[in-house]
2 protein chains.
Amino acid sequence: MSDDREQTCRPLRKDAERNRQRILTAARALLAEQGLGVSHDQLAEAADVAVGTVYRRFPDKDSLLEALFTEDVDQIVCLAQHSLEVADPWEAMVGFITRSLEVQAGNRGLKEFLMFNVTSDTMTTCRARLLPVIEQIVARAQAAGVIRPGVTAYDLGLIPLMVGPVMDGCRAVRPELWRRSLDIVIEGLRACPEKERLPVPDLEPDEFVELLRQAQTSPGRR
Amino acid sequence: MSDDREQTCRPLRKDAERNRQRILTAARALLAEQGLGVSHDQLAEAADVAVGTVYRRFPDKDSLLEALFTEDVDQIVCLAQHSLEVADPWEAMVGFITRSLEVQAGNRGLKEFLMFNVTSDTMTTCRARLLPVIEQIVARAQAAGVIRPGVTAYDLGLIPLMVGPVMDGCRAVRPELWRRSLDIVIEGLRACPEKERLPVPDLEPDEFVELLRQAQTSPGRR
DNA sequence: GGCAAAGTTGACAGCGCTCTCCACTTTCGG
DNA sequence: CCGAAAGTGGAGAGCGCTGTCAACTTTGCC
């Protein structure tokens, strides 16, 4: 419900503000359930408003998404920050990953926003804030010797990309199954005598963004 | 180049057969590179043929895909079967997974076909043939105590789903980076004293299919 | 060579989507 | 209570996609 817009320009007219809230409420519910694929027509219908109104309030899809998700995105950053306070470095790392994926499991729209709106302001800022924190999380775990040497923040950053499809797939079948896949991934990070060093060098910062951008190119329906 | 159609019905006219091959050749190249998202218009253009011709030969997208990929799908099954001949059960398992993902990394269309054409005849048959083999691979590894107790064939079946997005993302950036993610997953399967049992019970056969079906529902472009 | 069957062509119908536009309605300050 | 400014509705333009069809061309058998 953060309304930073009142400061910048003259407040909306009463009816306009009402409609704006309606749109946001409807969109929040619809996107949480169905993901970003929802069309503006569906949105308008659910908000009991005409398409034109939606477009007047939110000139493009991105501005609607930003209005909807900046708050939730903040929450993810908080999760990361809080995990730094957890004493055990392994627990801290696992806790953060698990917690943030739990949030995504409960909100499909948010999940897709995090993964596919790579170039939006919100996500660019988010990554800028998140990266140093995750680097700390990883550094602590490395220092404690609980994760494989060579594992980096970018490796953690790819985990949602890996678990995401399983999460989408299992949502209607076995909502909790993604935890199994996540568990496998997490155990794959743990330090363990037999493990060799990771193959292939790690990503550079801008390569990571480009990777996410490319990953959104998706298949040919059914 | 398998042509099982000559037996079933009267052979195609000379020009028709020529066009059919053109379409297949063009489609193979185009889909390998760009994935299943390629439209029939693009396909027709690349094959230097009209859209109508493509539709006459292949009434719907699925029949084209089946003609294109059954061979490659067979290859995957062979890979699995051959891996049973590898003496070391761990090497056998890792070898199969790695090899089959290498094939997918080199052919984007095939990768998407394997993951998204869940209900096609080819894929149904493929899974039916693959499942018992993968179960053997897993059973051998379990018997040798090299993988975590509780890991099943379905867990392996989800690996392509997890590595897939990384593969798509890194293709244009660092084509080999997916091996890093795969390595993490594979190490997550390895038996290791500290590891706890996997959370959440394993999938049933039909749940697995449904999961794949659901996983294809993808985000909202951009 | 002729002709029926087989094949080809490409314009076009239909769909769902994003986004625009303008005639109409509502709000709100004076 | 009035009028300008703000907001709204919804038809429809434009796009890319799937799939169709009727007029035309090619093939191959006699």
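Each chain gets a letter, A, B and so on, in the order its sequence line appears, and its residues count up from 1. Remember, predicted model here, so these are calculated numbers, not experimental data.
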Side-chain heavy atoms of R57(B) within contact of L24(B), under 4.5 Å: no
Residue R57(A), side-chain heavy atoms: nucleotide from dT18(C), dA5(C), dG7(D) that is nearest: dG7(D)
Atom-pair distance (CG on L12(A); P on dC28(C)), nearest Å: 11 Å
Side chain of V51(B) - closest among dA11(C), dC17(C), dT8(C): dA11(C)
Whole angstrom value for the distance that separates P of dG28(D) from CD of E17(B): 12 Å
Nucleotide nearest Y55(A) (side chain, heavy atoms from C-beta), chosen from dC19(C), dG7(D), dT9(C): dC19(C)
Ion pair R174(B)/E207(A), N-O distance below 4.0 Å: yes
Sugar-phosphate only, base, or nothing, as touched by T53(B) at under 4.0 Å among non-hydrogen atoms: base
N19(A) or D60(B), whichever maps to the more 5' nucleotide of DNA chain D: N19(A)
R13(B) with E17(B): basic N within carboxylate O range, under 4.0 Å: no
Base dT26(C) to side chain R13(A), donor-acceptor N/O within 3.5 Å cut-off: yes
Interatomic distance where CG belongs to L65(A) and P belongs to dT18(C) [whole Å]: 11 Å
Candidates dT8(C), dT18(C), dG10(C) - which lies nearest the side chain of D15(B): dT8(C)
Nucleotide of dG9(D), dC17(C), dT18(D) approaching A50(A) most closely (side-chain heavy atoms): dG9(D)
All pairs passing side chain to side chain donor-acceptor pair (under 3.5 Å) where residues 92-107 of chain A contributes a residue, at least two apart: E102(A)-R179(A)
Atom pair distance, as rounded to whole Å: CD in E45(B) and P in dG10(C): 11 Å
Listed nucleotide nearest any side-chain atom of S39(A), set dT18(C), dG7(C), dT27(C): dT18(C)
Approximate separation, where rounding is to 0.5 Å, of T53(A) OG1 and H40(A) NE2: 12.5 Å
Rounded interatomic separation in angstrom, taking CD from Q21(A) and P from dT8(D): 13 Å
Options dG9(D), dG7(D), dT9(C), nucleotide nearest the side-chain atoms of V49(A): dG9(D)
Atom pair distance, as rounded to whole Å: CZ in R18(A) and C1' in dT25(C): 12 Å
Whole angstrom value for the distance that separates P of dT25(D) from CZ of R56(B): 17 Å
Rounded distance in Å - NZ (K14(B)) to C1' (dA5(C)): 16 Å
